[in-house]
Amino acid sequence: MDNLKVKQLLFTLSVIVIVAISGFFFINDGVDFGSPTPAGSNEQNETQEIPEVILNDDELMEKFELALATIEGNYVSEVDRQKLIEGAINGMVETLDDPFSDYMDVSSATSFQESLSSHFEGIGAEVGMIDGNVSIISPMRESPAERAGLLPNDAIVEIDGESIEGWSVNEAVALIRGEGGTSVTLTIQRSGQTNPFDVEIERDRIQIDSVRSDTFEQNGMTIGRLEITSFAEDVGSQFDQLLQELEADGIDGLIVDVRGNPGGYLDGAQNIGNLLIPDEKPVVQIEHGDGEIETYHSQMEGKKPYPIVGLINQSSASASEILAAALKESGEYDLVGTTTFGKGTVQKSIQMNDGSALKITTDRWLTAGGNTIDQEGVEPTIEQDQPDYFYSFALSIEEPYEIDQVSEQIGRAQDMLQGLGFDPGRVDGYFDENTEEAVREFQETHDLTSDGKLTEETASKLQEEILSHMRDNENDAQLNRAIEVLIEQASE
């Protein structure tokens, strides 16, 4: 590597080192810096404004080299130069204060690429940094994470009993990922709930079928649904093939379902937009770092001969939101569900020469109509939430609950019982006689010990039954509302 390239690399790395060490750099044998202000000095009582020192490129390079040499030559223990440099890169990324930018070592970079392929092993959730906490961005549809009841914005405070305060996303993901069939316990702090709770998740092989197709017959009409689970590499071609099959069957309306979709490749949303957005209208606008805005238009002429409705929820993120916004703004199609996650930035993974990678935010995306959705999300045109039990099925029972006890866990169990037709009479977390009777009826129905106590065995069966209940399309309030809308529109 020639001197120019070395200087360019060192200049890039110097940014974080400046932040980390500037202003506190002393080389002075025998001095104890534990008390920075000598006794009797008036400096501790006076606030002096220290002028900012602006260094030129050569001075920055010299400062970085001096810092590196000083640490290697003077630190009390032996240091690893590679770790120092990687720490500097990590620190640079952290100063961006961007939850979606990250430095990935070789292992993390490999895992990241696997997560965008057709299969990988883990819990099936996108994880990122939210308000300084490693958090769930979105669980994938029908993944172990979703089956365990994880929700967007759930903060992970411990992994297998170990606090992850101060950890990076990559450090947390490395511990969460693992071989299928093994388990990991996440301690979750959920917004609106007082106490954190444990969720044990069995890892699995996550097979990504990017698009799934089904149909619904109602009022003599055929409604097709294309459910996009992830914007993986081949999502556009999969969507095109299945759409052609539905159209060959003569559908009277189409549902595009991106609920629980954490996103993926930007061009996947663009490719699907080319198949749905009419009259060559915009699919997405990309705002580059220099402020230039580039608009991507659909390549489709005319309009589909049937109505289209999008299905969204709070777990729809990134590329899902691009497509949803295009359906709403350029297609003038209805969106049914709840407001999406709100991720309005574009990241690129840039591989380094050793196999590590920088995943950094390079652009912002705007909706087809030029609107920003970052931290706001895409709003539905038809608001439709799911029943409460859809958000309550993460139960963590260590000791049995019984009469006169109060707990958020009891409240979640009451939501589930009510959803399954075992009326507890209340859902406020107080375990009364009606709740006891509902628990007993549930236990008897499922051949459990019928003592009316909310035990770990009962909680496990409750979660199993409520998940099965949720997977039944008849209980999917958002899906059924979308079908109703399409039937109405197709009949006009």
Within a reach of under 6.0 Å around CD of Glu332, are more than 12 heavy atoms found that belong to other residues, nucleotides or ligands? no
Among Met470, Arg471, Arg481, Arg259, which residue satisfies the side-chain contact (heavy atoms from CB on, under 4.5 Å) criterion with Asp476? Arg259
Which residues satisfy the side chain to side chain contact (heavy atoms under 4.5 Å, CB included) test with Val235, sequence neighbours excluded? Ser210, Val211, Ile228, Phe231, Ile272
Test side-chain contact (heavy atoms from CB on, under 4.5 Å) on Leu276 and Tyr333; report intermediate values, then the result. CA-CA 10 Å; Leu276 299 176; Tyr333 297 121; 5.6 Å; no
If only atom types and distance count, is the side chain of Arg177 paired as donor or acceptor with the main-chain N or O of Glu121 below 3.5 Å? yes
What are the two closest non-hydrogen atoms of Val258 and Ser316, and how far apart are they? O-OG, 2.8 Å
Residue among Val173, Asp204, Ile206, Leu186 satisfying side-chain contact (heavy atoms from CB on, under 4.5 Å) with Ile123: Leu186
Could you go through Thr367 and Val284, starting from their C-alpha distance and side-chain angles, then the distance that decides it, and tell me whether this counts as side-chain contact (heavy atoms from CB on, under 4.5 Å)? CA-CA 5 Å; Thr367 67; Val284 65; over 6 Å; no
Checking the side chain of Glu200 only, and the main-chain atoms of Ser183 only, is there a donor and an acceptor separated by less than 3.5 Å? no
Residues 276-287 vs side chain to side chain donor-acceptor pair (under 3.5 Å), sequence neighbours excluded, gives none
Single hit among Ile164, Asp102, Ile156 for side-chain contact (heavy atoms from CB on, under 4.5 Å) with Val169: Asp102
Residues pairing under salt bridge (charged side-chain N to carboxylate O under 4.0 Å, His left out) where one sits in residues 154-164, two or more places apart or in two chains, turn out to be Asp154-Arg190
Restricting to non-hydrogen atoms, name the atom on Ser143 and the atom on Gly124 that form the minimum distance, rounded to 0.1 Å. OG-O, 3.0 Å
Flag yes if more than 12 heavy atoms outside Asn56 fall under 6.0 Å of its CG atom; otherwise flag no. yes
Would you say that Pro278 contacts Met300 through its side chain, given a criterion of any heavy-atom pair below 4.5 Å between the two side chains? yes
The reported gap from NZ in Lys303 to CD in Glu301 (rounded to nearest 0.5 angstrom) is 15.5 Å
For Gln270, side-chain hydrogen bond (donor to acceptor under 3.5 Å, both in side chains) partners two or more places apart: none
Counting neighbours of CD on Gln299 that are heavy atoms of other residues, nucleotides or ligands and sit closer than 6.0 Å, is the number greater than 12? no
Quick check: are there more than 12 heavy atoms from other residues, nucleotides or ligands sitting under 6.0 Å from CZ of Arg364? no
Interatomic spacing from CG in Asn133 to CD in Glu165 - rounded to 0.5 Å: 8.5 Å
Verify side-chain contact (heavy atoms from CB on, under 4.5 Å) between Arg412 and Gln409, making sure each step is shown before the conclusion. CA-CA 5 Å; Arg412 287 189 212 136; Gln409 298 287 335; 3.0 Å; yes
By the side chain to side chain donor-acceptor pair (under 3.5 Å) test, which pairs, at least two apart or in different chains, include something from residues 79-89? Glu72-Arg81, Glu86-Tyr103
I need the minimum non-hydrogen distance between Gly122 and Pro144, along with the two atoms involved. O-CG, 4.1 Å
For residues Ser315 and Gly260, report the shortest heavy-atom separation together with the two atoms involved. CB-CA, 3.5 Å
For the backbone of Thr194 and the side chain of Glu408, can you confirm whether one donor and one acceptor N or O come within less than 3.5 Å of each other? yes
Verify the distance criterion only: is there a donor paired with an acceptor across the side chains of Asn371 and Glu329 at less than 3.5 Å? yes
Residues two or more places apart in sequence or in another chain: which of them pass side chain to side chain contact (heavy atoms under 4.5 Å, CB included) with Ser168? Asn170, Glu171
Nearest 0.5 Å, please: how far is CZ in Phe100 from CD1 in Ile360? 15.0 Å
In sequence, state the C-alpha distance, the side-chain angles, and the governing distance for Met92 and Leu358, and then conclude on side-chain contact (heavy atoms from CB on, under 4.5 Å). CA-CA 11 Å; Met92 274 191 287; Leu358 280 170; over 6 Å; no
How many angstroms lie between CG in Leu150 and CD1 in Ile136, if you round to the nearest 0.5 Å? 5.0 Å
Side chain to side chain contact (heavy atoms under 4.5 Å, CB included) filter on Ser349, not counting sequence neighbours, yields Met104, Phe112, Gln113, Ala357
Are the side chains of Pro262 and Met140 in touch, meaning some heavy atoms are under 4.5 Å apart? yes
Are Ile130 and Ile137 side-chain neighbours, meaning at least one heavy-atom pair lies under 4.5 Å? yes
Evaluate the criterion side-chain hydrogen bond (donor to acceptor under 3.5 Å, both in side chains) for residue pair Asp385 and Thr338; output intermediate values, then yes/no. CA-CA 6 Å; Asp385 208 344; Thr338 54; 5.2 Å; no
Expected output: side-chain Asn271 to main-chain Asp267 donor-acceptor under 3.5 Å: yes
Applying side chain to side chain donor-acceptor pair (under 3.5 Å), which residue pairs with at least one partner in residues 317-327 are found, sequence neighbours left out? Asn261-Ser320, Glu321-Thr340
Would you call Ile312 and Lys328 a side-chain contact if the rule is heavy atoms closer than 4.5 Å? no
Closest approach of Ser230 and Gly263, non-hydrogen atoms and distance? OG-O, 3.7 Å
Contacts of type side-chain hydrogen bond (donor to acceptor under 3.5 Å, both in side chains), residue Asp354, not counting sequence neighbours: Ser356
Is it true that a side-chain atom of Arg203 and a backbone atom of Gly181 form a donor plus acceptor pair closer than 3.5 Å? no
So OG of Ser298 and CD1 of Ile277: to nearest 0.5 Å the spacing works out to 6.5 Å
Can you tell me if Ser330 uses its side chain to pair, donor with acceptor, with the backbone of Pro282 under 3.5 Å? yes
Polar side-chain atom of Gln478 near backbone of Gln384 as donor-acceptor pair, under 3.5 Å: yes
Tell me the closest heavy-atom pair linking Glu379 and Leu335, and the distance in Å. O-CD1, 4.0 Å
Nearest-0.5 Å distance, CG of residue Leu311 to CG of residue Leu226: 11.5 Å
Tell me if a side-chain donor or acceptor on Asp257 pairs with a main-chain N or O of Glu227 at a distance below 3.5 Å. no
Test side-chain hydrogen bond (donor to acceptor under 3.5 Å, both in side chains) applied to Thr345 - qualifying residues, sequence neighbours left out: Gln347
Set of residues satisfying side chain to side chain contact (heavy atoms under 4.5 Å, CB included) with respect to Pro99, sequence neighbours excluded: Met129
Residues at least two apart in sequence or cross-chain that pass side-chain hydrogen bond (donor to acceptor under 3.5 Å, both in side chains) with Lys359, listed by chain then number, are none
